[in-house]
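The structure appears below as structure tokens.
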Amino acid sequence: MISLTSDPIDVASALTYLQSDQAGALDLFLGVVRDNTQERPVDRLEYEAYDRMAISEMQKIADEAHRRWPILRYTIIHRKGVLAIGETAIFIGVATAHRADAFDACRFMIDTIKQTVPIWKKEVFTDGEVWVNAHP
Amino acid sequence: MNTPVSVLLFGITRDLTGQSAVSVPISEGARVSDLLDQLYQEYPKLSGIRSLLVAVNGEYAEVDQVLTSKDEIALIPPVSGG
């Protein structure tokens, strides 16, 4: 299951979705809004997405993960809009029979999402703001 | 003959141009690289971005891909999701 949402991510229901009798391992990754970047205090984050392409690129990553590992179920939920400190920006869950596959597939998904999915993060500080990774 | 195409803008490209989409006239047979050249001329501030990719119909495009007026075109500055 893949989604892009403006609403807070419901971790409990995402976890329920992942569970099955065949799954011996559930690996969850939550990307959470931190209160600083290189010691500069962050007030909030603003995420923007090219929705249609973000969904299709996340689907490609999930499909590739499926080819590489025996995944039983997975969930990728990315948040957009304005996020406060402590809120979950991304939830990735992978269910497999054994733990090594779940760890590896989950890590592959988050690392690849950060490289190819058209979603942009703006860090808003008390004294300015910056689009992450945008400048040389 | 030049046909205007609409280019969707996100993130820093939207801030730098002050618009969420810009209209760019392209000639018959124009490629992604031609579109980028025109955008850089029109909006010199875009050249300060670390890298700028182009998506055509929701897929990353190579610089030599030919554009048509029916394409949905978007500028993709460096992504920072997750």
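Within every chain, numbering begins at 1; the chains are lettered A, B, ... in the order of the sequence lines, protein sequences first and strands thereafter.
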**Asked** Can you say whether A:His135 sits under 4.5 Å from chain B via the side chain, the backbone, both, or neither, judging by heavy atoms?
**Response** both
**Prompt:** In terms of heavy-atom contacts, does NE2 of A:His66 have more than 12 from other residues, nucleotides or ligands at under 6.0 Å?
**Reply:** yes
**Asked** Would you say A:Leu4 and A:Ile77 are hydrophobically clustered, going by side-chain heavy atoms of ILVMFWY under 4.5 Å?
**Response** no
**Message:** Test of understanding: clusters of I, L, V, M, F, W, Y form through side-chain heavy atoms closer than 4.5 Å, transitively. Do A:Leu18 and A:Ile2 belong to the same one?
**Reply:** no
**Message:** Is the shortest side-chain heavy-atom distance between B:Arg50 and A:Asn133 below 4.5 Å?
**Reply:** yes
**Asked** Under 3.5 Å, is there a donor-acceptor pair between the side chain of A:Trp120 and the main chain of B:Ile12?
**Response** no
**Request:** With a 4.5 angstrom heavy-atom cut-off, could you sort out which part of A:Lys60 is near chain B: side chain, backbone, both or neither?
**Result:** side chain
**Asked** Which atoms of A:Ala49 come close to chain B, meaning under 4.5 Å heavy atom to heavy atom: side chain ones, backbone ones, both, or neither?
**Response** backbone
**Prompt:** Tell me, side chain or backbone of A:Val132 under 4.5 Å from chain B's heavy atoms, or both, or neither?
**Reply:** both
**Contacting region of A:Ala134 [heavy-atom separation from chain B under 4.5 Å]** = both
**Request:** Provide the closest heavy-atom pair for A:Ala89 versus B:Gly82 in the form atom of the first, atom of the second, distance.
**Result:** CB-O, 4.2 Å
**Prompt:** If contact means a heavy atom pair closer than 4.5 Å, which residues of residues 34-44 of chain A contact chain B?
**Reply:** none
**Asked** For A:Gln59, does the CD atom sit with more than 12 other heavy atoms under 6.0 Å from it, leaving out its own atoms?
**Response** yes
**Prompt:** Side chains of A:Pro118 and B:Tyr60: does their closest heavy-atom pair fall under 4.5 Å?
**Reply:** yes
**Asked** What part of A:Lys114 lies closer than 4.5 angstrom to a heavy atom of chain B: side chain, backbone, both or neither?
**Response** both
**Asked** Do you know the tightest heavy-atom contact between A:Thr116 and B:Val79?
**Response** N-CG2, 4.1 Å
**Request:** Find out if a path of hydrophobic residues (ILVMFWY) with successive side-chain heavy-atom gaps under 4.5 Å connects B:Leu35 to B:Tyr43.
**Result:** yes
**Message:** I'd like to know if B:Leu53 and B:Ile49 are part of one continuous hydrophobic network [Ile/Leu/Val/Met/Phe/Trp/Tyr, side-chain heavy atoms within less than 4.5 Å].
**Reply:** yes
**Asked** Non-hydrogen atoms of chain B under 4.5 Å away: do they reach the side chain of A:Ile119, the backbone, both or neither?
**Response** both
**Message:** Using the side-chain contact (heavy atoms from CB on, under 4.5 Å) definition, which of the options B:Asn57, B:Ile76, B:Leu8 pairs with A:Met53?
**Reply:** B:Ile76
**Request:** Please examine the side chains of A:Trp131 and B:Asp15, heavy atoms only from C-beta on, and report whether any two atoms are closer than 4.5 Å.
**Result:** yes
**Item:** Contact origin within A:Gln115 toward chain B - heavy atom pairs under 4.5 Å
**Value:** backbone
**Prompt:** Is B:Ser80 reaching over with its side chain to a backbone N or O of A:Lys121, donor-acceptor style, under 3.5 angstrom?
**Reply:** yes
**Asked** Are A:Leu26 and A:Met1 connected, step by step, through hydrophobic side chains (Ile, Leu, Val, Met, Phe, Trp, Tyr) whose heavy atoms are closer than 4.5 Å?
**Response** yes
**Asked** Any salt bridge (charged side-chain N to carboxylate O under 4.0 Å, His left out) pairs touching residues 65-78 of chain B, not counting sequence neighbours?
**Response** A:Arg52-B:Glu72
**Flag, side chain of A:Tyr50 to backbone of B:Ala55, donor-acceptor distance under 3.5 Å** = no
